[in-house]
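Everything below concerns the one structure shown next.
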2 protein chains.
Amino acid sequence: MNLKQLSQMLGLSQTTVSRALNGYPEVNRETRERVLQAVRETGYRPNKAAQRLATGKAGSLGLVMPTAPGHPSDVHFGEFLTGLGEEALRHDFHFVITPADPNDEVGALRRLAISGNVDALFVAYMRGHDPRLDMLKSLSIPFVVHGRSIGSEPDYPYLDIDNEAAFYDATKLLLQLGHRRFAVMNGPEHLDFAIRRKMGVSAALAERGLTLDEACVTHTAMTDEQGLFAMERFLQLPERPTAILCSSTVLALGAIRIINQAGLKLGEDISLIAHDDVLPLLKPENFSVPLTTTRSPLRAAGVRIAERLIGQIKDLGSYPEQELWKAELIVRASTGAAPAG
Amino acid sequence: MNLKQLSQMLGLSQTTVSRALNGYPEVNRETRERVLQAVRETGYRPNKAAQRLATGKAGSLGLVMPTAPGHPSDVHFGEFLTGLGEEALRHDFHFVITPADPNDEVGALRRLAISGNVDALFVAYMRGHDPRLDMLKSLSIPFVVHGRSIGSEPDYPYLDIDNEAAFYDATKLLLQLGHRRFAVMNGPEHLDFAIRRKMGVSAALAERGLTLDEACVTHTAMTDEQGLFAMERFLQLPERPTAILCSSTVLALGAIRIINQAGLKLGEDISLIAHDDVLPLLKPENFSVPLTTTRSPLRAAGVRIAERLIGQIKDLGSYPEQELWKAELIVRASTGAAPAG
DNA sequence: AACGTCTTCCAAAGCGCTTTAAAATATGTA
DNA sequence: TACATATTTTAAAGCGCTTTGGAAGACGTT
């Protein structure tokens, strides 16, 4: 069933039917009712491709998903997408997701942008001086970045959390509790959030004349296994750290396992603060020792980014181009006074 | 830059350029080279909407993602999609994901199917007698189901793991270890995999004249928190179960926390077997007591489903319509002989 | 020279929609 | 009644691609 058939059935022109469907004013009330009724009866749905070709609007947001055999999937992806979807649903938008070779994300993004398949793009996992930014700026398609790219002019639209402040505050808290030996279990080295979190830690330490030893920093994928490896390494250090900052609750999970195995008490022998993206899967308050966290719901970021993207496409008023959200520092039992000595 | 401009630039007709691009034989070698070169220089990419309209092929797989405020995201989604993507990438396919009100998945799926936006559909999280099946069968778009729908004629294309056999085998192992009091921490009640897993447990028990007490079964979302609640409940039972079958390693995570808190030893006082979808996030072999699991990589299922879907679209030969994969039973330390008494 | 056969290219139609420009009809006013 | 003005409808063009049905030219054969 297409427009032509539908309009013939109704004895109307395609124009009129199209207008009735799209809410144009210049169509008689009765006629519109008749059209709508016919649509209900036939289950007619306009062909999206044709609509897109005619209007240039696709009703879709595009994103690139890196994938390859052995390339680990991202725990956060589902939760973030659910947030995007919450808002997209309200506007009848959908997503076009292009799988991409992890080494060719820029190319994949570019092809997606000029394919005419999407109205706007979303990118995340920004690196320092991210090459995708120049590409995106050169195109004339709306986009919003989740995160930022250190080393690039901050003249692009983004939504980020203040990673540096979050980890600065967290470190500050640990310093006040008397800790002096710090370690950081961070995300992949080249990623902006990892860079800024480390900066936050270093800045807080510097205020007390302390420096962060590189031996006390790991950069890994955020899985329980990596948390486990990192913690094993920290515990073997001659000057064992008493305060751990952790870029994810999943990493913390592995770390805590090792802490327990070593017979150490979390919140007494070792304090730990993790960043919490508020994944439904893992609640820091339910850890056997509830976790002190820097909290910022990933899903809310998804909702907001969809809102901005769709708002821009539909011209629903203007939004701030740059947003920096504060993370909440939530103190629970995994942080305590530094052990004596 | 579109076809028209490109062909004018080259002094060729659109037909010839189109054919050169799509690998048709009736175009001179030199001419083709010239076209390809121009494409490289200009960065021309055909408009997907136009291509789709002209060919009826979209180069995309469609899926529906339920989402609503408060509706938890799915941990497995990212991993499965990564698998789909692995294969899709090889064929230059992308995904169209429609967010949907959890109460209107059937409608959303139907709209997606007839939007002309996708060449094939994928559905998962099948329920008993799933209403999506009839809808899909009535349409003439290829689809593959991940899982099955108990209570429906098994005449639709699916890929499932043998959940019943997996949990039957797991139960059998525990029986051999002398366990007599069983509990099951399962996924949501209406889902096919949950139903079948419970059937597997019951069947094995029945062979020994045992029955599964409903008080020893929970049906919940698969988060650590729910695992925790469920285990708390089991421990309060007058006849405490000594053997737990668990539909997910994430649930197991919460359960084990409670087991530890209660001062019980996993693999001694209580044995536990969990189903492992092989998520990068959580490795059962790294649990402080390594977990015995029924193992079946979710990602592999994703790859295979994409393979079948794309194969069907591109007519790359035939695939079995129904596939039932065996899960591996991997014995680790979380299972041991039943405690005396 | 005339013919058939390949090879290589092209004009134009068509995919299903939106939208422009104009026509047909209804309504109001002098 | 005649005309101007709103209201409602339509024919046709166009979005950017693929594909059908030829046409033009090169080549070999008789």
Side-chain angles (χ1 to χ4, degrees), chain A residues 1-36 38-39 42-60 92 111-119 141 313-314, chain B residues 1-36 38-39 42-60 92 111-119 141 313-314:
Chain A
M1 170 67 62
N2 58 23
L3 226 209
K4 193 170 177 182
Q5 290 165 359
L6 185 68
S7 56
Q8 272 168 2
M9 204 180 98
L10 286 160
L12 288 168
S13 73
Q14 295 191 34
T15 312
T16 304
V17 177
S18 169
R19 284 189 168 143
L21 258 37
N22 294 317
Y24 281 68
E26 60 270 65
V27 44
N28 193 336
R29 192 189 176 70
E30 284 175 34
T31 315
R32 167 166 290 135
E33 286 305 331
R34 215 153 61 80
V35 171
L36 260 30
V39 167
T42 59
Y44 166 79
R45 284 260 132 189
N47 180 301
K48 283 278 176 192
Q51 234 168 7
R52 177 134 58 86
L53 191 54
T55 59
K57 294 290 172 192
S60 64
D92 199 24
R111 287 190 293 275
L112 179 57
I114 62 180
S115 73
N117 241 339
V118 296
D119 298 321
I141 185 168
I313 295 165
K314 289 193 167 178
Chain B
M1 170 67 62
N2 57 23
L3 226 210
K4 193 171 176 182
Q5 290 166 358
L6 185 68
S7 56
Q8 271 167 2
M9 204 181 98
L10 286 160
L12 289 168
S13 73
Q14 295 191 34
T15 312
T16 305
V17 177
S18 169
R19 286 191 165 144
L21 258 37
N22 295 317
Y24 281 69
E26 61 271 65
V27 45
N28 192 338
R29 190 189 179 73
E30 283 177 32
T31 314
R32 169 166 287 139
E33 286 304 332
R34 215 153 60 82
V35 171
L36 261 30
V39 166
T42 59
Y44 165 81
R45 282 262 133 186
N47 179 302
K48 283 279 176 191
Q51 232 166 11
R52 177 136 56 88
L53 191 54
T55 59
K57 293 288 171 195
S60 64
D92 199 22
R111 287 191 293 277
L112 179 58
I114 63 180
S115 73
N117 240 341
V118 297
D119 298 322
I141 185 168
I313 296 166
K314 289 191 165 179

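Chain A is the first sequence line, chain B the second, and so forth, proteins listed ahead of strands; every chain is numbered from 1.
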Length of the [atom1]-[atom2] vector between [X] and [N], whole Å:
| X | N | atom1 | atom2 | result |
| --- | --- | --- | --- | --- |
| B:Leu6 | D:dT18 | CG | P | 11 Å |
| A:Glu26 | C:dA26 | CD | C1' | 16 Å |
| B:Asn28 | C:dC9 | CG | P | 5 Å |
| B:Arg32 | C:dT8 | CZ | C1' | 12 Å |
| B:Asn117 | C:dC17 | CG | P | 13 Å |
| B:Leu53 | D:dC17 | CG | P | 12 Å |
| A:Leu3 | D:dT10 | CG | P | 13 Å |
| A:Lys4 | D:dA11 | NZ | P | 12 Å |

Quick one: is [X] getting a side-chain N or O under 4.0 Å of the [N] phosphate, OP1 or OP2?
| X | N | answer |
| --- | --- | --- |
| A:Asn2 | C:dC15 | no |
| A:Gln14 | D:dA11 | no |
| B:Tyr24 | C:dT8 | no |
| B:Ser18 | D:dT18 | yes |
| A:Gln51 | C:dG16 | no |
| B:Tyr44 | D:dC17 | yes |
| B:Asn22 | D:dT18 | yes |

With a 4.5 Å cut-off on side-chain heavy atoms, are [Y] and [X] touching?
| X | Y | result |
| --- | --- | --- |
| B:Val17 | B:Val39 | no |
| A:Thr16 | A:Asn28 | no |
| B:Leu53 | A:Arg52 | no |
| B:Arg45 | A:Ser115 | no |
| A:Met9 | A:Thr42 | yes |
| B:Asn2 | B:Asn47 | no |

Return yes if the base of [N] and the side-chain atoms of [X] contain a donor-acceptor N/O pair under 3.5 Å, otherwise no.
| X | N | value |
| --- | --- | --- |
| A:Arg29 | D:dT8 | no |
| A:Thr31 | D:dT8 | no |
| A:Thr16 | D:dT8 | no |

**Report entry** First encountered from the 5' end of DNA chain D, between B:Thr55 and A:Pro25
**Finding:** A:Pro25
Requested in this report: Determine the contact category for A:Arg52: base if any of its heavy atoms lies under 4.0 Å from a base atom, sugar-phosphate if only primed atoms, P, OP1 or OP2 are that close, otherwise nothing.
Outcome: nothing
Report task. Assign A:Thr15 to base, sugar-phosphate, or nothing according to its heavy-atom contacts below 4.0 angstrom with the strands shown. Result -> base
Query raised in the report: More 5' along DNA chain C: B:Ala50 or B:Gly11, using each one's nearest nucleotide?
Result: B:Gly11
